[in-house]
Amino acid sequence: MSQAISTKPPSGMRDFLAADVVRRRHVLSVVQRVYESFGFVPLETPTIENLSTLLGKYGPEGDQLLYRILHRRDKLQRALGGESVTELDLSDEGLRYDLTVPLARVVANYRDLPAYYKRYAIQPVWRADRPAKGRFREFYQCDVDITGTKSLVADAEVCGAVALVLRELGFADFSIHVNHRELLRALVASAGIPPEQEGLALIVLDKLDKVGPDGVKKELAEKGIALAESEAMLRTLEDARQPGALERFASSDGPFAHGARELRELLAAAANGPAAAHLVFDPTLARGLSYYTGPIFEISCAGLAGSMGGGGRYDNLIGMFMKQQVPAVGFSLGLERVLLVMEERGMFGALGIGPQVLLCRFADVPPAAAIALATQLRAQGLRVEVFADAPALGKQLGYASTIGAPFAAILGTNELAAGTVGLKNLVTGEQVTIPVGEVAARVLANG
RNA sequence: GUGGCUGUAGCUCAGUUGGUUAGAGCACCAGGUUGUGGUCCUGGGGGUCGCGGGUUCAAAUCCCGUCAGCCACCCCA
């Protein structure tokens with residue numbers, strides 16, 4: 001008995017027992033059905049990608065969060081023998097960080113895909129992040145993407161798909177915040193902030209609702225951005241938050257016009273779809289992933305610190321894998337985030353797992369007779385577990401209660417000879433002896 | 001990356017100003033009830049008190065270090 005080995009899964013990773021698996025499957029089945037109803041086709045890509053595929057797509061912080069796979073054997077020995085060994089010498093493969101970059105690689109690799117490729121993907125991704133509530137190192141993303149078109153109809157469709165998933169799962173109170181990378185860029189530029197500080201400025205801006213205008217100014221000052229510039233930015237932002245601002249920008253000639261027109265077009269296209277009631281223009285929304293170029297999205301829901309999903313348009317990403325540019329837009333739902341809120345709100349009903357019938361036998365009944373009976377009952381459509389041993393009947397019934405089986409089938413030599421079985425309802429305690437052929441009807445009637 | 005909290009039985013936790021053999025509930029096993037469970041009663045097994053060092057006559061308790069987990073930020077899905 002060596003007890004030195006930890007039995008916990010690695011940090012940020014989890015085991016899923018039966019109840020967890022059933023809940024996850026339930027959500028995933030809705031996701032899959034809704035995504036397919038929009039005409040998206042499935043894609044699965046490898047767990048491992050080449051680092052050349054992954055690096056440089058997510059920004060410097062993203063690169064830091066990649067799980068890298070160490071070279072093996074001779075290759076590792078050779079790498080270790082070199083001078084001033086770096087991470088890049090020790091590894092050339094890593095775990096998938098999201099589902100969008102693999103999609104971009106696939107689009108570039110299979111040139112005979114449809115010109116308008118609508119694919120969905122439901123797979124785990126890995127990030128070497130610090131775990132927190134609702135944040136894991138291994139988690140599932142549920143992505144829809146449309147490549148090959150700049151039409152804002154595509155943007156509206158991916159928003160519609162995720163919105164319908166959430167609605168069908170029973171959510172009513174979520175919102176899809178939308179903004180546009182060009183609006184953010186123009187916001188920063190018009191305030192006189194140099195482009196190299198754009199990223200910094202946007203991160204601080206995103207916190208406006210939490211820390212307030214003075215907090216933003218203070219943080220920006222710490223990052224070396226002048227007060228006058230911060231104030232200019234906040235003024236413009238305040239202006240953008242007024243009702244009708246989007247329309248005003250769209251009708252103007254200024255640097256905000258194009259982005260605002262696209263958002264207006266997106267909202268108009270989505271107006272009669274499932275996302276319509278949930279889309280909200282949010283000029284403070286700034287998403288981190290560096291590959292977004294146009295509209296950006298993020299789903300927020302009361303009671304959830306982070307987001308349930310996010311996405312946006314990335315018209316330059318696929319071009320990093322091939323000579324021509326292919327425009328694309330996508331949306332990603334975070335399975336664990338959805339589950340977290342559903343569990344907190346008690347949005348799951350009965351699970352329907354485990355056997356409906358536990359087949360108990362007395363010690364003088366041959367095992368083969370029990371298996372023969374179980375086979376008949378399974379053929380009638382029942383979920384049946386055969387109790388492997390034959391201890392005192394009380395033990396077998398106790399086990400049936402423990403696992404929550406609603407019925408026990410009791411097989412003794414008398415029943416065996418008569419072609420009957422004792423069927424005990426473990427909820428009511430009622431027990432009858434009936435022909436084997438009548439078991440299923442009785443179980444299903446009381447199930 | 002920043003700040004805070006917690007590490008005691010398989011799980012959730014109690015353990016008083018440091019004091020003698022470290023407890024409870026749940027779970028597990030046995031018996032009450034030998035072809036009838038879940039409820040109830042009785043009993044039982046199970047602990048290097050995260051790890052290492054220090055203070056002390058004496059440490060689960062105090063101090064230092066270390067590791068792990070959780071929460072809030074940050075960031076994200």
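Atoms considered below: every heavy atom in the structure, side chains included; atoms not considered: hydrogens, waters and symmetry mates. Chain naming here is simple, since letters A, B, ... match the order of the sequence lines and numbering starts at 1 in each.
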- Task: For B/rA59 versus B/rU42, give the span between their C1' atoms, rounded off to a whole number of Å.
- Result: 36 Å

- Query: Can you tell me how far P in B/rG50 sits from the matching atom in B/rA60, rounded to whole Å?
  - Reply: 10 Å

- Query: Where does RNA chain B pair, written as one dot-bracket string 5' to 3', with Watson-Crick or G-U pairs under 3.5 Å, ( ) inside the strand, [ ] for crossing pairs and | for another strand?
  - Reply: (((((((..((((.....[...)))).(((((.......))))).....(((((..]....))))))))))))....

- P atoms of B/rU48 and B/rG4, separation to the nearest Å: 32 Å

- Write down the distance separating the C1' atoms in B/rG19 and B/rC11, rounded off to the nearest Å. 31 Å

- Message: Whole angstroms only, please: what is the NZ-C1' distance between A/Lys424 and B/rG35?
- Response: 11 Å

- Message: Could you check whether any side-chain N or O of A/Thr402 sits under 3.5 Å from a backbone N or O of A/Gly398, counting only pairs where one atom can act as donor and the other as acceptor?
- Response: yes

- Note on the structure: Here the distance between atom P of B/rC75 and atom CG of A/Leu304, to the nearest Å, is 15 Å

- Task: Scan A/Gly134 against the nucleic acid and name what it touches under 4.0 Å (heavy atoms): base, sugar-phosphate only, or nothing.
- Result: base

- Could you tell me whether the side chain of A/Ser401 has a donor or acceptor atom within less than 3.5 Å of a complementary atom in the base of B/rG38? no

- Message: Taking only the P atom of each, what is the distance from B/rG31 to B/rA68 in whole angstrom?
- Response: 45 Å

- Query: What is the ring orientation for A/Phe348 with A/His26, classed by angle as parallel under 30°, tilted 30 to 60°, or perpendicular over 60°?
  - Reply: perpendicular

- Query: Distance between the C1' atoms of B/rC40 and B/rG47, in whole angstroms?
  - Reply: 29 Å

- Query: What is the nucleic acid contact for A/Gly398, judged by heavy atoms within less than 4.0 Å: base, sugar-phosphate only, or nothing?
  - Reply: sugar-phosphate

- Same-atom distance (C1') from B/rU33 to B/rG23, integer angstrom: 31 Å

- Message: In this structure, how many angstroms lie between the P atom of B/rC70 and the CZ atom of A/Arg137, rounded?
- Response: 10 Å

- Task: Report the residues that fulfil side-chain contact (heavy atoms from CB on, under 4.5 Å) with A/Val427, sequence neighbours left out, ordered by chain and then residue number.
- Result: A/Asn425

- Message: Measuring from the side chain of A/Arg130 (C-beta onward, heavy atoms only), which nucleotide among B/rA77, B/rG37, B/rC71 has the closest atom?
- Response: B/rC71

- With sequence neighbours left out, what residues match A/Ala121 under side-chain contact (heavy atoms from CB on, under 4.5 Å)? A/Leu99, A/Arg119

- Roughly, in whole Å, what's the span from CD1 in A/Ile410 to P in B/rG38? 14 Å

- Task: For A/Leu335 and for A/Pro131, locate the closest nucleotide of RNA chain B by heavy-atom distance; then report the residue assigned to the nucleotide nearer the 5' terminus.
- Result: A/Pro131

- Please determine, for the side chain of A/Arg135, which listed nucleotide (B/rU36, B/rC75, B/rG69) has the closest atom? B/rC75

- Task: Assign A/Val338 to base, sugar-phosphate, or nothing according to its heavy-atom contacts below 4.0 angstrom with the strands shown.
- Result: nothing

- Return yes if the base of B/rC75 and the side-chain atoms of A/Arg127 contain a donor-acceptor N/O pair under 3.5 Å, otherwise no. no

- Task: Could you tell me which non-hydrogen atom of A/Pro391 sits nearest to which non-hydrogen atom of A/Phe387, and how far apart they are?
- Result: CD-CE2, 3.7 Å

- Message: At less than 4.0 Å, is any side-chain N or O atom of A/Thr402 found next to OP1 or OP2 of B/rG38? Yes or no.
- Response: no

- Atom pair distance, as rounded to whole Å: NZ in A/Lys8 and C1' in B/rC70: 11 Å

- Query: Counting only distance, no hydrogens or angles, is the base of B/rU36 paired donor-acceptor with the side chain of A/Gln431 under 3.5 Å?
  - Reply: yes

- For A/Phe362 and B/rG35, say yes or no: do the ring centres fall under 5.5 Å of each other while the ring planes differ by less than 30°? no

- Item | Between B/rG1 (P) and A/Leu65 (CG): distance, integer Å | 11 Å

- By nearest nucleotide on RNA chain B, pick out whichever of A/Phe139 and A/Ala392 is the more 5' one. A/Ala392

- Which atom names give the shortest non-hydrogen contact between A/Leu227 and A/Lys217, and what distance separates them? CD1-CD, 3.7 Å

- Give a yes/no answer on whether the side chain of A/Lys395 brings an N or O atom under 4.0 Å of OP1 or OP2 in B/rA30. yes

- Separation of A/Phe407 atom CZ from B/rG37 atom C1', in whole Å? 15 Å

- Smallest separation among heavy atoms of A/Ala163 and A/Pro274, with atom names: CB-O, 3.7 Å

- So what does A/Gly429 hit on the nucleic acid, given a heavy-atom distance under 4.0 Å: a base, only sugar-phosphate, or nothing? base

- Item | Nearest-angstrom distance from the residue atom CG of A/Leu411 to P of B/rG35 | 16 Å

- Message: Keeping A/Glu93 on the side-chain end and A/Ile48 on the backbone end, is there a donor-acceptor pair under 3.5 Å?
- Response: no

- Among the nucleotides B/rG35, B/rU36, B/rA77, whichever has the atom closest to the side chain of A/Asn414 is B/rG35

- Item | Atom C1', compared across B/rU8 and B/rU2: separation rounded to whole Å | 30 Å

- Task: Any chance you could measure A/Glu298, atom CD, to A/Ile176, atom CD1, to the nearest 0.5 Å?
- Result: 11.5 Å

